[in-house]
Amino acid sequence: SRAWRGLIEEYRDRLPVSSTTPVVTLLEGGTPLVPARRVSELVGCEVHLKVEGLNPTGSFKDRGMTMAISKAVEEGAQAVICASTGNTSASAAAYATRAGLTCAVLVPRGKIAMGKLAQALVHGAKLLQVEGSFDDCLEMTKKLAENYPIALVNSVNPYRLQGQKTAAFEIVDALGDAPDVHCIPVGNAGNISAYWMGYQEYAADGLASKRPRMLGFQASGAAPIVNGAPVTHPHTIATAIRIGNPASWRLATAARDESGGDIQAVTDRQIAAAYKLLAQGEGVFVELASAASVAGLLQAHEQGLINPGERIVCTVTGNGLKDPDWAISGAPAPVTIPIDVYAAAAALELS
Ligand code: F0G
């Protein structure tokens, strides 16, 4: 085996790049597909977690960003802009700075996790906190990119989904075939669309014998696709997917329908329970939005949508370290002791 070269080099022949495209990479992709023993037991299936929080900036956004930024440089851009619930801005900031581009980001004020804010700032992005929602930020960003010399790197940029489809390739490469079911959180709806593109492409080229049923999960307070109408004031603890009018709405419903899958809502309570299950039952620390895939799998299992023994992949999209506030607030307060072994033993209830 040899060292991972980043997803553009690994999948060059399946991506819209040429020999002259300047590849901007942090060696993203190649993330682990971790067997989930506890979740597998709960649903009577073989469940794997695609741990996207192990990408360079801690989320799956790096897959799209290596493509979007490489193409922006190829096309002569000097500056890029995105709207974000946090992860896209963190990724854009890192890849833009690596490419020597200026990066501007618009985020909903007070609605992004602290780690993500830190990332955008440390990489030197120009960060604007908008007194509105992600959807407001995206509308503004599109208008700015239309009227000023600044390239849009949200997932409406087609290169983003091209990069993100490689996660499906990696899963098939690791398992030797496509899974039966793929569970994934849905926010702006780009990622479910990208995975579906990837699975379709591999099946069409004979690299997989089947395509999975795509099961997408929105938070119940931010579930426009499930409701069939935009949500004006989306709300959920999973701020990454607090989105009321997804850009890739139609691609996502096509993925759902063509795959024989479903897009459902899960409550904040279910999301929080799945977050805890992953942290304490699997040893995998994800952010809240990421836990929607596992919350959704448990729900689909209860609804009888999952057949015993099926092979299932849940994408867990972002790293739990992004949002330490949530992790700490849900845990027991640490005990403080003096420099005393007996005090430590007593506090640990050792005997
Ligand atoms: N999970 C995480 C951790 C995310 O950050 C996002 C989207 C999603 C899931 C949903 O993916 O939008 O492709 O359906 N975050 C975007 C952002 C909106 O700005 O970081 P999607």
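One-based numbering, in listed order, for ligands and for the atoms of each. These figures come from a predicted structure and were not determined experimentally. Heavy atoms only: backbone and side chains are in, while hydrogens, waters and symmetry mates are out.
Shortest contact from atom 7 (C) of ligand 1 to any protein heavy atom: Lys61 NZ, 3.0 Å. The protein heavy atom nearest to atom 13 (O) of ligand 1 is Asn191 N, 2.8 Å. Protein heavy atom at the shortest distance from atom 20 (O) of ligand 1 is Thr88 N, 2.8 Å. Shortest contact from atom 8 (C) of ligand 1 to any protein heavy atom: Ile241 CG2, 3.6 Å. The protein heavy-atom contact nearest to atom 12 (O) of ligand 1 is Asn188 N, 2.7 Å. Regarding atom 11 (O) of ligand 1, its nearest protein heavy-atom neighbour is Phe60 CZ, 3.4 Å. The protein heavy-atom contact nearest to atom 4 (C) of ligand 1 is Ala240 CB, 3.6 Å. In terms of protein heavy atoms, atom 2 (C) of ligand 1 is closest to Thr317 OG1, 3.3 Å.
The distance from ligand 1 to the heavy atoms of Asn87 drops below 4.0 Å at these ligand atoms: 2 (C), 3 (C), 4 (C), 5 (O), 20 (O). Every atom of ligand 1 with a heavy atom of Val186 under 4.0 Å away is listed here by number and element: 14 (O). With ligand atoms numbered from 1 in the order given, ligand 1 contributes 15 (N), 16 (C), 17 (C), 18 (C), 19 (O), 20 (O) to contacts under 4.0 Å with heavy atoms of Thr85. Shown in contact with Ile243 at under 4.0 Å from a heavy atom are these atoms of ligand 1, numbered in order with element: 18 (C).
Between Ile312 and Glu46 there is no side-chain heavy-atom pair separated by less than 4.5 Å. Under the 4.5 Å side-chain criterion, counting only non-hydrogen atoms from C-beta, Glu74 is in contact with Ser18.
Polar contact with ligand 1: present for Gly190 (N/O pair, distance under 3.5 Å). Of the N or O atoms in Gly187, one or more lie within a sub-3.5 Å distance of an N or O in ligand 1. For a threshold of 3.5 Å applied to N or O pairs, the pair formed by Glu287 and ligand 1 contains no separation below that value. Taking distance alone, with nitrogen or oxygen atoms compared against 3.5 Å, Ser290 stays at or beyond that limit from ligand 1. For the pair Lys116 and ligand 1, the shortest N or O to N or O distance does not fall below 3.5 Å. Geometrically, ligand 1 and Ser84 share a nitrogen or oxygen pair separated by less than 3.5 Å.
Checked by atom type, the side-chain pair His301/Gln303 shows no donor-acceptor distance below 3.5 Å. Side-chain contact annotation: Tyr11 with Asp173, donor-acceptor N/O pair under 3.5 Å present. Between the side chains of Thr31 and Arg63, at least one donor-acceptor pair of N or O atoms lies under 3.5 Å. There is a side-chain donor-acceptor pair under 3.5 Å between Gln270 and Thr267. If you check the side chains of Tyr159 and Glu75, you find a donor sitting under 3.5 Å from an acceptor.
Relative orientation of the Trp326 and Tyr275 rings is perpendicular, given thresholds of 30° and 60° on the angle between their planes.
Within the structure, ligand 1 lacks Ile184 among the residues with a heavy atom less than 4.0 angstrom away.
A salt bridge links Glu170 with Lys50: the closest approach of a Lys/Arg side-chain nitrogen to an acidic carboxylate oxygen falls below 4.0 angstrom. By the 4.0 Å N-to-carboxylate-O rule, Asp180 lies close enough to Lys210 to be salt-bridged with it.
Neither the backbone nor the side chain of Ile192 comes within contact range of ligand 1; no heavy atom lies under 4.0 Å. In Ala189, the part holding a heavy atom less than 4.0 Å from any atom of ligand 1 is the backbone.
For Asp268, the salt bridge (Lys or Arg N to Asp or Glu O under 4.0 Å) test picks out no residue, with sequence neighbours left out. For the salt bridge (Lys or Arg N to Asp or Glu O under 4.0 Å) test, no residue two or more places apart in sequence or in another chain qualifies with Glu146.
Judged by the 6.0 Å distance and 45° axis criteria, Arg14 is positioned over the aromatic ring of Phe169.
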